Undergrad: 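The structure's right below; bear with me while I get my questions together.
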Amino acid sequence: MPTSWADSVAAAENTAAGSYGSSNSLAPNRPTYVPPHLRNRPSSSEAAAAPAPAPVAANTGVPAVSGGNRWAAPRNDFRSGGYGGGGGGGGRGGGGWNNRSGGWDRGRDREVNPFGNDDGAEQQFVDQENSGINFDAYEDIPVETSGDNVPPPVNTFAEIDLGEALNLNIRRCKYVKPTPVQRHAIPISLGGRDLMACAQTGSGKTAAFCFPIISGIMRGQFGQRAQRMPRTACPLALILSPTRELSCQIHEEARKFAYQTGVKVVVAYGGAPINQQLRELERGVDILVATPGRLVDLLERARVSLQSIQYLALDEADRMLDMGFEPQIRKIVQQMDMPPPGVRQTMLFSATFPKEIQRLASDFLANYIFLAVGRVGSSTDLIVQRVEYVQESDKRSHLMDLLHAQRANGAHGKQALTLVFVETKKGADSLEYWLCMNGFPATTIHGDRSQQEREQALRSFKSGNTPILVATDVAARGLDIPHVAHVVNFDLPNDIDDYVHRIGRTGRAGKSGLATAFFNDNNTSMARPLSELMQESNQEVPAWLARYAARVSYGGGKNRRGGGGGGRFGGRDFRRDNNFNRGGGDYYGGGNTNNAYGGAPGGGYGGGYGASGGYGPGVASAWD
DNA sequence: GTGGGGG
């Protein structure tokens, strides 16, 4: 029995003919190419069969978009004082909960219900696809931790004293028990420790860093908040992500977790009017979710100060620290008024963590714990990966073959959602146009579109109204789009980690998915890493791809993951790798892969302001 | 070189 649309799609594609020839000796032989106009068929009816948009209205009857003065009651929790000593990190079960009485709480009953119609209305028979996370898919996955005194994992949310309000929201979210990354990461964070966490796409990372932040703020263990400048917001926690849509998504999720806790979450990102964001900030903010550019803007306008930050979380942390983002992140984290490592608590999350990036990241961390959950930084075996040899000139018609096969097998009378990744913004527009001209309802998301267009495209895709989304890498990371049955790498990325994130848009929350990549001689550098990744995730590697991979010159370079270590799960702590540890830095206090737990992480932070001793200035950044 | 991220 198929458990998802992807299954039926996969079944269909087993019989779908590929039809492409190639002159390359390594490339597979295929039957004759049939031009699209001979295979195309009219299809105006399919779009009408698409599912209706999901209901958005909250059962409170309050409009979902906050626009009025609902939050107008001023907060009076802008307290004075410094970092509050940062103590008590390990104290669980102690001290009472801060009920955060104040202006915010007075308006609590008017807080927009972020759960919409779901709240309280337990459906008796929920569609399998909507019943939450498939936890069976997460049994027995490998876990590796390293660092000093790693707190032991928990098996249930009940074991953790997150507080009643948060527990209620966890139930509202229908989370029954923690996912593996949550089981390990939450105790580490609650223990006050810095964390670098590497976990599969779609395995619940957002909650893993949100729960401890919300819980910690509710406990109010941070003393008083500085507030001298009346129009400057001083959040207690900062969550950064690389794209606007991902920040929005994190904000929406965090609002659910923080519902009726008195913890206020605000989002700030570019491309949207800044005035509304400024108003939200003025009404008070505990957790600020932001993209780097807009945050820098707000900091320079002195509308936000980071002096009260106690928690810093970087989602997609390896992306945030790569060449493009690193200068902005350094500015935010190191050159503004943010408390240093060891004073604030820092959490880095991603499905991938190249060793070079780990080394950069250690500048932002103090005595941190490295956590790796699951195999090869990604792609559970739940994602069926296929690679097909397709010449550039044949890509469009080959894509159409795949789409036709899906359309014919669309379960539930709807076409499965297909996410198509391309390399460039122009390429995205042009492919979208071509698909539409050929009767396939498609839209596109990329950085040349206005923010309104981007959000509209995402909505239209999610609702099934436009079941094909052509995207650049803006959509590669983090976005949680239910029912994406198929990810097509129309253009393969140049980096295997990007591939991992892209295909991770399907097969989420324990559900299965399909990923198809078009490979040709422009992608030879990906042959070996791709082949290795597929092997590690128990995928069938086509013989022709294995032949490419076997060529010494193909993909043996920097693209290889794990420093050539291959076969190990999850990525490894670079501190344990001699090749990366010869600079003399004493990063690594001791390995405890066996989770040897020596008791509470005794009061606090590991001295020093980060493990900055080890590497010379040469490794800092090409942009410095 | 592409992509993302502030006007």
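Since the model is a prediction, treat every value here as computed from it, not as a measurement. Within every chain, numbering begins at 1; the chains are lettered A, B, ... in the order of the sequence lines, protein sequences first and strands thereafter.
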Undergrad: To the nearest Å, give me how far apart CG (A/Leu278) and P (B/dG6) are.
TA: 14 Å

Undergrad: Assert yes or no for the condition that the ring centre distance of A/Tyr548 to A/Phe519 is strictly below 6.0 Å.
TA: yes

Undergrad: Atom CD of A/Glu245 and atom P of B/dG4: how far apart are they, to the nearest Å?
TA: 10 Å

Undergrad: Donor-acceptor pairs are to be reported for all side-chain atoms of residues 416-424 of chain A against protein atoms at under 3.5 Å, with residues two or more places apart or in another chain.
TA:
{"from": "A/Thr418", "atom 1": "OG1", "to": "A/Gln406", "atom 2": "OE1", "distance (Å)": "3.1"}
{"from": "A/Thr418", "atom 1": "OG1", "to": "A/Gln406", "atom 2": "NE2", "distance (Å)": "2.5"}
{"from": "A/Thr424", "atom 1": "OG1", "to": "A/Gly427", "atom 2": "N", "distance (Å)": "2.9"}

Undergrad: Counting only side-chain N and O atoms of A/Arg454, is one of them less than 4.0 Å from OP1 or OP2 of B/dG5?
TA: yes

Undergrad: Please work out if A/Asp297 contacts a base, only the sugar-phosphate, or nothing of the nucleic acid, heavy-atom cut-off 4.0 Å.
TA: base

Undergrad: Just N and O in the side chain of A/Thr291: are any of them under 4.0 Å from OP1 or OP2 of B/dG4?
TA: no

Undergrad: Check the distance between B/dG3's P and A/Leu246's CG and give it to me in whole angstrom.
TA: 20 Å

Undergrad: Measure from the side chain of A/Glu423, starting at C-beta and using heavy atoms only, and say which of B/dT2, B/dG5, B/dG3 lies closest.
TA: B/dT2

Undergrad: Specify the separation, in whole Å, of atom NE2 of A/His446 and atom C1' of B/dG5.
TA: 16 Å

Undergrad: Side-chain N or O of A/Arg477 less than 4.0 angstrom from OP1 or OP2 on B/dG3?
TA: no

Undergrad: Measure from CZ on A/Arg502 to C1' on B/dT2 and round the result to the nearest Å.
TA: 10 Å

Undergrad: Excluding sequence neighbours, so at least two apart, what forms salt bridge (charged side-chain N to carboxylate O under 4.0 Å, His left out) with A/Glu253?
TA: none

Undergrad: I want to verify a distance call: between B/dG6, B/dG3, B/dG5, whose nearest atom is closest to the A/Lys425 side chain?
TA: B/dG3

Undergrad: Is there a donor-acceptor pair closer than 3.5 Å between any side-chain N or O of A/Asp337 and the backbone N or O of A/Ser305?
TA: no

Undergrad: Under 4.0 Å between a side-chain N/O of A/Thr472 and OP1 or OP2 of B/dG4, yes or no?
TA: yes

Undergrad: Mind checking if A/Arg319 touches a base, just sugar-phosphate, or nothing, with heavy atoms under 4.0 Å?
TA: base

Undergrad: In whole Å, I'd like the distance from the CD atom of A/Glu326 to the C1' atom of B/dG3.
TA: 17 Å

Undergrad: Among the candidates B/dG5, B/dG1, B/dG6, find the nucleotide nearest to the side-chain atoms of A/Asn494.
TA: B/dG1

Undergrad: Could you state the atom-to-atom distance from CD of A/Gln451 to C1' of B/dG4 in whole Å?
TA: 12 Å

Undergrad: Report the residue from A/His446, A/His501, A/Arg502, A/Arg319 that forms a side-chain hydrogen bond (donor to acceptor under 3.5 Å, both in side chains) with A/Asp473.
TA: A/Arg502

Undergrad: Taking CE from A/Met526 and P from B/dT2, how many angstroms apart are they, rounded to a whole number?
TA: 19 Å

